[in-house]
Protein chains: 2
Amino acid sequence: MAGLRERKKEQTRCRIEQVAMRLFAERGFDDVTVNEIAEAAEVAKVTLFKYFPSKEALVLDGVKEDFAGIVAARQDDRSVVDAVRDHCALMVRADAPEVATLVRIISGSPALLVGLQAVQAGQRAELAAVLAAEQDEITARLMAAQLMSTVTALQELFFEGRLTDDAVKRAFDLLENGMRGH
Amino acid sequence: MAGLRERKKEQTRCRIEQVAMRLFAERGFDDVTVNEIAEAAEVAKVTLFKYFPSKEALVLDGVKEDFAGIVAARQDDRSVVDAVRDHCALMVRADAPEVATLVRIISGSPALLVGLQAVQAGQRAELAAVLAAEQDEITARLMAAQLMSTVTALQELFFEGRLTDDAVKRAFDLLENGMRGH
DNA sequence: CTAAATTCTGTACCCGGTTCATCTATGAAC
DNA sequence: GTTCATAGATGAACCGGGTACAGAATTTAG
């Protein structure tokens with residue numbers, strides 16, 4: 001297994017993605033054309049779209065986080081909120097330079113920010129499906145919506161470089177205790 | 001005031017929108033081309049795009065709801081959650097046939113559903129700005145995110161024809177009391 | 001009536017994305 | 001090593017949303 005064919009495919013996919021990210025980092029997402037990417041990666045435009053369904057996917061394919069899996073696989077003594085909180089607490093520490101580049105690229109393009117919303121909508125649906133095993137369906141959807149919107153808000157803070165432990169704490173306190181006091 | 005120029009503009013804008021909605025209702029959003037709309041409305045394509053910034057805007061311009069204004073203008077004795085809840089309670093009763101058509105059009109087009117997310121992101125930002133007058137900024141953003149995600153979830157139920165008084169009640173109970181019990 | 005400011009129009013173009021027919025390289029069988 | 005089916009790559013033509021531009025038409029002001 002892992003014949004020549006599949007190795008080459010993986011190689012091509014990787015080359016396309018790397019070339020694209022380099023160009024995006026240099027000149028911004030909106031100022032790079034898919035024709036340029038294809039040319040620089042030495043593939044035909046059609047080929048590029050066989051590997052990535054859209055230009056946005058070149059960037060966003062790598063940013064999906066599997067909240068549904070995280071929640072489904074949590075310890076017995078942890079609540080749903082705990083599971084998501086634990087994961088977000090790790091986010092605060094992420095500071096690889098490569099992540100910073102990614103954030104810069106995404107933040108600088110309205111198209112990518114919209115695409116990010118779409119990704120998150122998918123995550124929300126997955127999470128709702130998992131929660132539906134423990135709650136009635138409507139509650140599951142409402143919880144998934146609130147959880148993901150909190151994650152998104154924290155992600156935005158992260159993008160602005162303002163994500164702190166305290167912000168995470170307050171976010172999940174609000175989720176757990178509600179807005180009655182506010 | 002209300003010179004000929006402005007009257008004609010309003011007229012043209014209205015004609016474009018009506019023609020577009022008729023075509024969308026007949027054949028679906030994705031199967032109607034902006035060239036067709038422009039032709040049917042007897043304007044040039046360029047003109048159409050001067051009135052509406054995108055094809056999606058032809059449908060979505062009419063669905064913005066001013067939650068920020070609703071919250072800002074609430075009675076002194078009502079909480080933020082109350083204000084939004086009151087507004088959503090009215091939504092349950094909406095059943096004009098024209099609304100049903102709109103829902104059918106939006107639900108039938110992925111592009112419009114994505115566009116709707118973008119509209120909601122804008123509403124969230126506006127709401128956060130209003131809440132920032134009463135809360136610290138991070139809390140304001142978190143609250144706005146949770147409120148709007150709840151509204152969106154309810155809107156989805158509405159789209160599916162499953163929005164009930166009970167669903168609204170449970171949604172806002174969850175918002176006010178949090179997820180601790182779940 | 002004339003001149004200036006606005007708006008509309010057609011044309012040509014760009015870019016993301018798809019279709020199609022064709023060609024090349026791979027892997028399997030002999 | 002040759003043959004052959006097939007997956008995959010290719011270029012070129014095309015589609016639809018959206019924009020740039022230059023010029024024509026029309027409202028408004030003087």
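Each chain gets a letter, A, B and so on, in the order its sequence line appears, and its residues count up from 1.
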- Query: Does anything in residues 35-51 of chain B pair up under side-chain hydrogen bond (donor to acceptor under 3.5 Å, both in side chains), and if so which pairs, sequence neighbours excluded?
  - Reply: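 Those involving residues 35-51 of chain B are B/Arg27-B/Glu36.
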Could you tell me how far apart [X] ([atom1]) and [N] ([atom2]) are, to the nearest whole angstrom?
| X | N | atom1 | atom2 | value |
| --- | --- | --- | --- | --- |
| B/Phe49 | C/dG10 | CZ | P | 15 Å |
| A/Glu42 | D/dT10 | CD | C1' | 14 Å |
| B/Leu23 | D/dG16 | CG | C1' | 16 Å |
| A/Ile37 | C/dG16 | CD1 | P | 8 Å |
| A/Asp30 | C/dC15 | CG | C1' | 12 Å |
| A/Glu56 | C/dC15 | CD | P | 15 Å |
| A/Leu48 | C/dC15 | CG | P | 15 Å |
| B/Leu58 | D/dG17 | CG | C1' | 12 Å |

- Task: Go through C/dA25, D/dG17, C/dG16 for me and flag the one nearest to the A/Thr33 side chain.
- Result: C/dG16
- Message: Of the listed nucleotides (C/dG17, D/dT6, D/dT10), which one gets closest to any side-chain atom of A/Arg5?
- Response: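 Output: D/dT6.
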- Geometric class of the B/Phe67/B/His87 ring pair [parallel <30°, tilted 30-60°, perpendicular >60°]: perpendicular
Are [X] and [N] close enough that a side-chain N or O sits under 4.0 Å from OP1 or OP2?
| X | N | answer |
| --- | --- | --- |
| B/Thr47 | C/dT7 | no |
| A/Ser54 | C/dG16 | no |
| A/Lys55 | C/dC15 | no |

- Message: Treating A/Ser109 as the side-chain partner and A/Ile106 as the backbone partner, does any N or O pair qualify as donor plus acceptor under 3.5 Å?
- Response: no
- Task: Assign B/Lys9 to base, sugar-phosphate, or nothing according to its heavy-atom contacts below 4.0 angstrom with the strands shown.
- Result: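 Since only primed, P, OP1 and OP2 atoms lie under 4.0 Å of B/Lys9, the category is sugar-phosphate.
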- Query: With a 4.0 Å cut-off, would you call A/Asp61 and A/Arg13 a salt bridge?
  - Reply: yes
- Task: Starting from the 5' end of DNA chain C, give me the residue, B/Lys8 or A/Lys45, whose nearest nucleotide shows up first.
- Result: B/Lys8
- Message: I want to confirm an ordering. Mapping A/Val46 and A/Tyr51 to their closest nucleotides on DNA chain D, which one lands closer to the 5' end?
- Response: A/Tyr51
- Item | Cationic tip of B/Arg104 above B/Phe24 ring, under 6.0 Å, 45° of axis | no
